[in-house]
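Worksheet: one structure, shown below.
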Amino acid sequence: MSLIDEVNNRRTFAIISHPDAGKTTLTEKLLLYGGAIHLAGSVKARKTAKHAVSDWMEIEKQRGISVTSSVLQFDYEGHHINILDTPGHQDFSEDTYRTLMAADSAVMLIDVAKGVEAQTKKLFRVCKERGIPIFTFVNKIDHFGRNPFDLMDEIEDILGIHAYPMNWPIGLNGNYQGIYDRASSSIELFEKDTTHGQRKLASTKGSADDPIFKELLDEDVHQGLIDDIELLDEAGDEFDMEKVKRGELTPMFFGSAMTNFGVKPFLEEFLRMAPKPQPRKCLEGVVEPTSDQFTSFVFKIQANMNPQHHDRIVFMRICSGKFEKGMTVTHRQSGKTLRLMQPQQFLATERTIVEDAYPGDIIGVFDNGTMGVGDTLYSGKKKVTFKDFPTFPPELFARIRAKDSMKRKQFLKGMTQLAQEGAVQIYENLGSMESYIVGAVGQLQFEVLEYRLKHEYGVDLEMNRLPYTVARWIQDNGHDYKELKNIDSAMIVKDHKQRVVLLIANEWQTNWIVERNPEFTFCTTPDQLAIDEPEE
Ligand code: G4P
């Protein structure tokens with residue numbers, strides 16, 4: 001197959017939702033329809049099945065949340081699909097944001113009873129900023145829930161995006177019987193699920209005018225559907241694919257991941273509309289996915305996926321060209337030439353070695369510490385730098401040290417690896433060789449750090465929270481940072497690239513300090529600093 005065909009077949013997307021909306025269940029059902037798994041976890045076995053599919057780390061099992069993002073791929077009717085599974089926990093969103101950078105579109109999952117929830121809102125905003133198409137799946141329609149019209153209004157009011165229902169649920173609260181497809185004016189009635197969604201659902205399909213449906217549906221249900229459709233056609237938005245592409249209109253689907261209700265129609269319609277890998281901006285211009293030059297960027301790093309081997313895997317999203325196992329690429333940030341050996345793809349806990357991969361695909365490669373999150377890799381001579389990668393200013397800070405000073409070596413190794421992974425930000429405490437300062441976006445990051453240092457490196461931590469909420473990277477503009485004035489209440493630290501960072505109590509004090517030091521530039525994130533050019 002040609003590179004163009006490979007690109008055309010690819011769909012890479014993330015599912016965004018508030019915890020418990022059913023993301024794990026939907027992901028599992030997509031895998032079921034894609035034939036990647038044959039029996040979805042039954043309701044009883046779900047807790048275990050869930051972890052088998054997308055969670056890796058022990059802490060996730062213990063807490064029942066998904067901390068790291070995983071990548072799953074499967075084929076469906078000629079499409080090669082990559083699903084980026086994003087953690088939904090509100091505290092641990094940095095990893096999620098990065099993952100969204102690797103997606104070409106997003107599926108926003110909403111619980112029919114709960115509507116738009118806090119975490120959905122946050123994630124939606126990131127997708128909206130990126131301008132990627134967002135598809136809405138209203139889940140759990142087998143249950144009592146809100147009126148679909150009210151949900152449409154809520155999406156518009158809270159998220160500021162118009163929703164266009166592609167299909168419409170048939171039936172009353174908790175007694176949904178099928179789906180009406182608006183484009184074809186056809187009805188699909190589903191057979192009752194008797195397997196708790198373990199197997200695909202059988203269905204009866206036909207035109208809405210077919211008298212059979214009048215017979216199959218109760219009279220009031222049938223009439224209710226006709227009234228709803230009339231209202232939608234008259235008062236609703238026009239469908240406009242261009243608006244969808246720009247993230248201004250969200251196609252809306254109804255279903256129930258648990259019972260498989262509406263999963264297949266959603267999957268098929270989604271694949272038809274969702275974008276193939278798109279051109280990406282870089283500092284040097286725009287990279288077309290069908291370009292011969294291989295380019296990719298790192299969006300996630302995970303150490304110790306296999307605790308026995310202490311390996312470090314770098315996940316990258318391919319943006320253009322063909323990837324071939326063992327190929328030689330340039331690491332933009334260090335200027336080093338690297339050979340990408342043993343590239344891997346993942347399904348559940350299984351890894352397979354890939355021979356080749358294409359734009360939109362996610363591959364994992366082993367790395368000994370050269371690559372960082374956000375870095376670019378490319379083949380050939382033409383320089384490429386993907387730059388629009390969000391870093392998030394930490395808002396919580398703590399001083400940490402190993403309880404047992406004999407464990408200093410493991411402590412250092414663990415801290416360095418976890419910082420490279422982006423699990424936390426780590427700063428050198430200028431006054432001390434024994435302790436470090438760590439910065440995080442959410443409290444859970446500290447807990448993960450503590451847990452992982454103990455379980456993966458055997459180090460117990462002593463952790464003291466510090467009273468700072470703001471970090472500023474200092475661009476010295478030729479001055480020595482020691483000349484900074486009025487910083488008695490702040491703390492000076494250095495990040496892993498030896499850049500000077502000021503930790504400050506609050507925004508008010510920050511402004512005060514900034515005003516008194518006009519010769520310095522204060523940056524909210526390190527990516528605002530002038531970038532270091534690697535040596536040629
Ligand atoms: P998450 O990954 O978004 O956090 O959600 P997850 O899939 O774990 O689903 C959260 C809960 O919602 C689960 O119930 C799951 O069975 C249920 N659920 C998912 N989809 C549907 C649906 O379409 N209809 C209904 N009625 N429920 C759904 P749980 O009680 O937390 O877990 P379990 O006991 O079912 O394993």
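Just so you know, ligand 1 is whichever comes first in the structure, and atom 1 is the first atom listed for that ligand. The model shown is predicted, which means the values in this text are computed figures rather than measured ones.
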(message) Below 3.5 Å, N or O to N or O, backbone or side chain included: is there any such pair between A257 and ligand 1?
(response) yes
Open item on the list: Please report whether the ring centroid of W168 lies less than 6.0 Å from that of F149.
Closed with: yes
Q) Hey, do the aromatic rings of F266 and F137 have their centres closer than 6.0 Å? A) yes
- Item | Non-hydrogen side-chain atoms of K29 and T27 separated by less than 4.5 Å | no
Residue part near ligand 1, for [X], under 4.0 Å between non-hydrogen atoms:
X: A21; result: backbone
X: N139; result: side chain
X: T25; result: both
X: K23; result: both

Proximal ligand 1 atoms for [X], defined as those under 4.0 Å from one of its heavy atoms:
X: T24; value: 1 (P), 2 (O), 7 (O), 8 (O)
X: S256; value: 22 (C), 23 (O), 24 (N)
X: G22; value: 1 (P), 3 (O), 5 (O), 6 (P), 7 (O), 9 (O), 19 (C)
X: D20; value: 1 (P), 3 (O), 4 (O), 5 (O), 10 (C), 12 (O)

Using a 6.0 Å distance limit plus a 45 degree cone around the ring axis, check whether R182 lies over the aromatic ring of Y164. yes
Cation-pi check, K300 to F315: give yes when NZ or CZ is under 6.0 Å from the six-membered ring centre and within 45° of the ring axis, no otherwise. yes
Filtering V263, D142, T259 for the heavy atom nearest atom 25 (C) of ligand 1 leaves D142
query: Should we say atom NZ of K128 is surrounded by more than 12 heavy atoms from elsewhere, each under 6.0 Å from it?
result: yes
Applying salt bridge (Lys or Arg N to Asp or Glu O under 4.0 Å) to E117 and not counting sequence neighbours gives none
